[in-house]
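Everything on this sheet refers to the single structure shown next.
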Amino acid sequence: MDLAVVVVIQILYAVASLALISIGLAIIFGMMGVINFAHGEFLMMGGYAFILSYNAGVNFWIAMLVVAPLAVTVIGVAVERLIIRHLYGRVIETVLATWGLSLFLIGLAATVLGYHQKGVTPPFGTIRIGAYQEGGYTFFVILVTLALMAALYAGFKYTRWGLIARGTMQNAAMASGIGVNVDRVYATTFGIGAGLSGLAGAILAPIAGVLPEIGVTYVVKAFITVIGGGAVALAGTGAAASLFGAVSQAVTFLSRPVVGEVALLVVAIVLLRLLPLGITGRYFRRGL
């Protein structure tokens with residue numbers, strides 16, 4: 001029984017971490033249609049912003065929950081205004097530009113901060129579950145992901161800005177015709193997506209550490225999750241993360257981590273073969 005509880009907790013953690021690293025990309029790619037190959041580097045910058053500010057004396061939680069997402073939000077808005085804004089509707093150019101940005105950010109981080117791993121000790125210690133122990137920080141990641149998804153859903157569903165943002169993404173010309181500042185909405189939405197990526201990188205930094213190239217380990221899973229989820233950003237990301245995370249962690253428990261990663265890819269391929277438009281292409285179409 002104790003082992004079953006630990007396995008369930010690990011599956012929930014796998015689902016939560018997958019949703020966490022994907023939600024920023026879901027907003028940028030799912031809502032805006034921008035293929036952001038620098039998504040992993042936004043996660044990396046969030047991790048560095050958290051660790052560097054914490055080591056400089058900033059409170060642990062302020063560094064994680066305020067400094068990191070705010071710093072990456074500012075960078076995201078700058079990227080949207082300087083690069084992305086000129087490339088809307090030009091898929092190939094956007095891919096090349098964000099890929100170049102990714103390489104630039106990796107090189108910049110390596111030059112300034114070096115290639116050695118940086119990290120901090122996760123808080124909350126361990127919690128005993130029968131004969132097993134589970135890190136208390138695992139529960140924090142699960143809870144904060146649930147809270148974040150709920151807050152995003154409420155923000156996009158029930159606030160005036162959320163309505164304007166969704167309307168602008170669906171029909172920018174009509175939104176502009178009724179007086180909406182489309183450029184500002186795009187910049188704000190891209191900044192929110194970037195900030196969420198930075199927050200995810202900061203939250204996962206105590207567990208995974210931070211390296212200049214750590215974004216590569218995140219970006220593939222994030223793209224698989226978002227594409228598997230389909231066009232509906234939040235519902236799709238949540239559904240795909242639940243499926244992929246559960247399968248990957250269950251197979252990891254029965255075998256080893258590398259087999260779990262392969263299982264995730266196999267399930268993603270089968271899913272997209274059966275549902276080319278993703279999960280929300282058939283289900284949750286009226287979701288958000």
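Because only heavy atoms are used, hydrogens play no part in the values below, and waters and symmetry mates are left out as well, while side chains stay in.
The cluster map of Ile, Leu, Val, Met, Phe, Trp and Tyr, joined by side-chain heavy atoms under 4.5 Å apart, puts Ile106 and Val220 in different clusters. Placement of Phe139 and Val6 within a single hydrophobic cluster is found when ILVMFWY residues are connected by side-chain heavy-atom separations under 4.5 Å, directly or transitively. Under a hydrophobic clustering in which Ile, Leu, Val, Met, Phe, Trp and Tyr are joined whenever their side-chain heavy atoms come within less than 4.5 Å, directly or via other members, Val8 and Leu18 fall into the same cluster. No chain of hydrophobic side-chain contacts below 4.5 Å, direct or via other Ile, Leu, Val, Met, Phe, Trp or Tyr residues, connects Ile207 to Val216. Under the 4.5 Å side-chain contact rule for hydrophobic residues, Ile62 and Phe50 do not share a cluster.
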* Evaluate side-chain contact (heavy atoms from CB on, under 4.5 Å) for Glu93 paired with His86, printing each intermediate quantity in order. => CA-CA 10 Å; Glu93 289 90 337; His86 309 288; over 6 Å; no
* Please lay out, stage by stage, how Tyr54 and Met64 fare under the test side-chain contact (heavy atoms from CB on, under 4.5 Å). => CA-CA 8 Å; Tyr54 173 67; Met64 176 183 289; over 6 Å; no
* side-chain contact (heavy atoms from CB on, under 4.5 Å) assessment of Val77 paired with Phe190 -> CA-CA 7 Å; Val77 171; Phe190 194 92; over 6 Å; no
* To do: Could you go through the side chain to side chain donor-acceptor pair (under 3.5 Å) check for Glu80 and Tyr88 one step at a time?
  => CA-CA 10 Å; Glu80 195 278 337; Tyr88 286 121; 2.6 Å; yes
* Take Ile203 and Thr145 through the test side-chain contact (heavy atoms from CB on, under 4.5 Å) and record every step on the way to the result. => CA-CA 10 Å; Ile203 290 173; Thr145 302; over 6 Å; no
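Panel note: side chain Thr94, backbone Leu87; a donor-acceptor pair is recorded below 3.5 Å. Using a distance-only test at 3.5 Å, with no hydrogens or angles considered, a donor-acceptor pair links the side chain of His39 to the main chain of Ile21. Ser255 places no side-chain N or O within donor-acceptor distance of the main-chain N or O of Val251, the cut-off being under 3.5 Å. Within the 3.5 Å criterion, the main-chain N or O of Thr98 finds no donor-acceptor partner in the side chain of Ser102. Judged by distance alone, with hydrogens and angles left aside, the side-chain atoms of Thr189 form no donor-acceptor pair with the main-chain N or O of Tyr186 at under 3.5 Å. Using a distance-only test at 3.5 Å, with no hydrogens or angles considered, a donor-acceptor pair links the side chain of Gln117 to the main chain of Ala208. No donor-acceptor pair under 3.5 Å is formed between the side chain of Ser248 and the backbone N or O of Phe244. With Thr280 contributing its side chain and Gly229 its backbone, the two residues share a donor-acceptor pair below 3.5 Å.
Between Phe140 and Phe124, the ring planes lie tilted relative to each other; the angle falls in the 30° to 60° range. Under the 30°/60° scheme for interplanar angles, the aromatic rings of Tyr153 and Tyr158 are found to stand perpendicular.
Smallest separation of non-hydrogen atoms from Ser197 and Gly24: OG-CA, 3.7 Å. In this structure, Ala38 and Leu101 approach most closely via the heavy-atom pair CB-CD2, 3.9 Å. Minimum interatomic distance between Met149 and Leu234 (heavy atoms only, all atoms of both residues): CE-O, 3.7 Å. Closest of all the heavy-atom pairs between Ala240 and Thr225 is CB-O, 3.2 Å. For the residue pair Ile214 and Gly209, the shortest heavy atom distance occurs at CD1-O, 3.0 Å. Pairing each heavy atom of Pro69 with each of Leu199, the nearest pair is CB-CB, 4.0 Å.
Heavy-atom contacts from other residues, nucleotides or ligands closer than 6.0 Å to OH of Tyr137 number more than 12. Counting heavy atoms of neighbouring residues, nucleotides and ligands inside a 6.0 Å radius, atom CH2 of Trp161 exceeds 12 of them. Residue-environment remark: CZ (Arg85) exceeds the threshold of 12 foreign heavy atoms within 6.0 Å. Summarising the local packing, CZ of Phe60 is surrounded by more than 12 heavy atoms from other residues, nucleotides or ligands at distances under 6.0 Å. Counting non-hydrogen atoms of other residues, nucleotides and ligands closer than 6.0 Å to CD1 of Ile92 gives a total of 12 or fewer.
Leu103 contributes atom CG, which lies 12.5 Å from atom CG of Leu108 (distance to the nearest 0.5 angstrom). Rounded to the nearest 0.5 Å, atoms CG (Leu152) and CG (Leu196) are 5.5 Å apart.
Annotation: side-chain hydrogen bond (donor to acceptor under 3.5 Å, both in side chains) contacts of Gln249 (sequence neighbours excluded): none.
Here the two rings, on Phe223 and Phe37, have centers that are under 6.0 Å apart.
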